[in-house]
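As the structure lists them, so they are numbered: ligands from 1, and atoms in each ligand from 1. Note that the structure is a prediction, hence the values are computed from the model and not measured.
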Amino acid sequence: MSQIDKPSLSTMSVWAGEDSLLWQGATQVPVVHSVSFGYEDIETWQEVALGKKSGHIYGRNTNPTVAVFEDKIRQLEGAEAATSFATGMAAISNTLFTLLSPGERVVSVKDTYGGTNKIFLEFLPRFQVEVALCETTDTEAIEAAIEQGCKVLYLETPTNPTLKVLDIARLSEAAHRQGAVVVVDNTIATPINQKPLALGADLVLHSATKFLGGHADALGGIVCGAKPLIEKIYHYREITGATLDPMAAYLLLRGTKTLNLRIRQQNESALRIAQYLQAHPAVSQVFYPGLETNEQYALAKRQMQGFGGLMSFALHGGFEAVRAFIPRLRYAHRAANLGAVETIVGVPATTSHVESTQQERQAMGIPESLIRYSVGIEDTDDLIADIEQAFTAIPQRLSSRS
Ligand SMILES: *Cc1c(COP(=O)(O)O)cnc(C)c1O
């Protein structure tokens, strides 16, 4: 295959999927605000409705703008098919409820996203689905749990907010020996930094709300994989109705054009900031897989092309130090989000794990005073200077290290 048939990720971010819906010479994909799609003759209508001919019938099922977004992400993930959702949580819950039936067992880890953890602990057990949540970094324990029976292996890597890394290739092999379907939440890494399908997973899903869209102005979710699996998940969604809105699809599509540029900048910036934090006396711990001192650095380096824009760190002086530090940052939104062009800071107790109790957070190894820092596309030196000046707001008595 020549270069032109195998474009790089930056070229794909811009062009993939775009050419299918250009109207009257427009260079941009139109936002098709139409609930239904009409046909002059009944035969064509029927063929489209039965899926024998391409086209759209009703907006809960499919929409032309939404289809372009699905196609772009599908190509970026190197998948055969994709289907989208109103939010990331809709993608996750619809996927799990499509794949699991009463009496079956799902294996996952303790530190999945807070909402995902709720699906595992609160909703799936009500349908008699057995849920086994393992220690996230204990690969042998996960393999042992898989061997005791597994219909679905659900992974999220790196995890939010402590950036633990799971071995996708090794765990996929173990799951496939049991005939399980392997699902990976690739929200934090994005297809620029990690390709779960190439590593052996069957399905890769995203909260498109985060890095894919990148501008914190639209919610969305997407699942990519082989056609037979995606068709089943699409069917569940078309009936239960958590459909992506065409306007949101357009915003996500526009955001994704700069995905490769943004992620490259965020990878570079995050690594430098993590190194700066690690050397700073006010900081007690830094969680970032790109640090050579990180226990999982070798694994992260093997399965990721970049380490991503998300990190977390703990301060000496506990929550009181956090309360002094966070309000003083100038270039950071204090908000429950991540993956945007602006830097965003939060504590898991009010962001990713607001759905969890303090006890549940403790069980997941999330310190109450942990700060999650999602690096935007600002100048790296400006961000470091900003953190530096905010550290001076921490009262001396708190930062006196023992
Ligand atoms: C935000 C997030 C989700 C949920 O996505 P929504 O679009 O908010 O529903 C799922 N997984 C991860 C890793 C996330 O960061």
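At a cut-off of 3.5 Å, with distance as the only test, no side-chain donor of Asn63 or His33 sits close to an acceptor on the other residue. Side chains of Glu378 and Thr343: a donor-acceptor N/O pair is present below 3.5 angstrom, by distance only. Side-chain N/O atoms of Gln305 and Asn193 include no donor and acceptor closer than 3.5 Å.
Of all heavy-atom pairs between Glu122 and Pro125, the closest is C-CD, 3.9 Å. When all heavy atoms are compared, the tightest approach of Leu205 to Ala91 is CD2-O, 4.3 Å. The minimum heavy-atom distance between Thr62 and Phe37, with the atom names listed, is O-CE1, 4.0 Å.
For atom 1 (C) of ligand 1, the closest non-hydrogen atom of the protein is Lys210 NZ, 1.3 Å. Closest protein heavy atom to atom 11 (N) of ligand 1: Asp185 OD2, 2.8 Å. Among protein heavy atoms, atom 5 (O) of ligand 1 sits closest to Ser207 OG, 2.9 Å. Nearest protein heavy-atom contact of atom 9 (O) of ligand 1 is Met89 N, 2.8 Å. With respect to atom 7 (O) of ligand 1, the closest heavy atom belonging to the protein is Thr209 OG1, 2.7 Å.
When only interatomic distances are considered, the shortest N/O to N/O separation between Leu338 and ligand 1 does not fall below 3.5 Å.
The distance from ligand 1 to the heavy atoms of Asn160 drops below 4.0 Å at these ligand atoms: 15 (O). Near Gly88, meaning under 4.0 Å from any of its heavy atoms, are these atoms of ligand 1: 5 (O), 6 (P), 7 (O), 9 (O). When each atom of ligand 1 is checked for a heavy atom of Glu156 under 4.0 Å away, the hits are 13 (C).
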Check residues 139-148 and write down every donor-acceptor pair under 3.5 Å in which the side-chain atom is one partner and the other belongs to a residue at least two apart or another chain.
{"unit_1": "Glu140", "atom_1": "OE2", "unit_2": "Arg170", "atom_2": "NH2", "d": "3.3"}
{"unit_1": "Glu143", "atom_1": "OE1", "unit_2": "Arg170", "atom_2": "NH2", "d": "3.0"}
{"unit_1": "Glu143", "atom_1": "OE2", "unit_2": "Arg170", "atom_2": "NE", "d": "2.9"}

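Neither the backbone nor the side chain of Thr116 comes within contact range of ligand 1; no heavy atom lies under 4.0 Å.
The option with the heavy atom closest to atom 4 (C) of ligand 1, from among Phe85, Tyr113, Phe211, is Tyr113.
For the pair Ile92 and ligand 1, a heavy-atom separation below 4.0 Å is found.
Pairs engaging residues 82-107 under the salt bridge (Lys or Arg N to Asp or Glu O under 4.0 Å) rule: Glu104-Lys151, Arg105-Glu130 [sequence neighbours left out].
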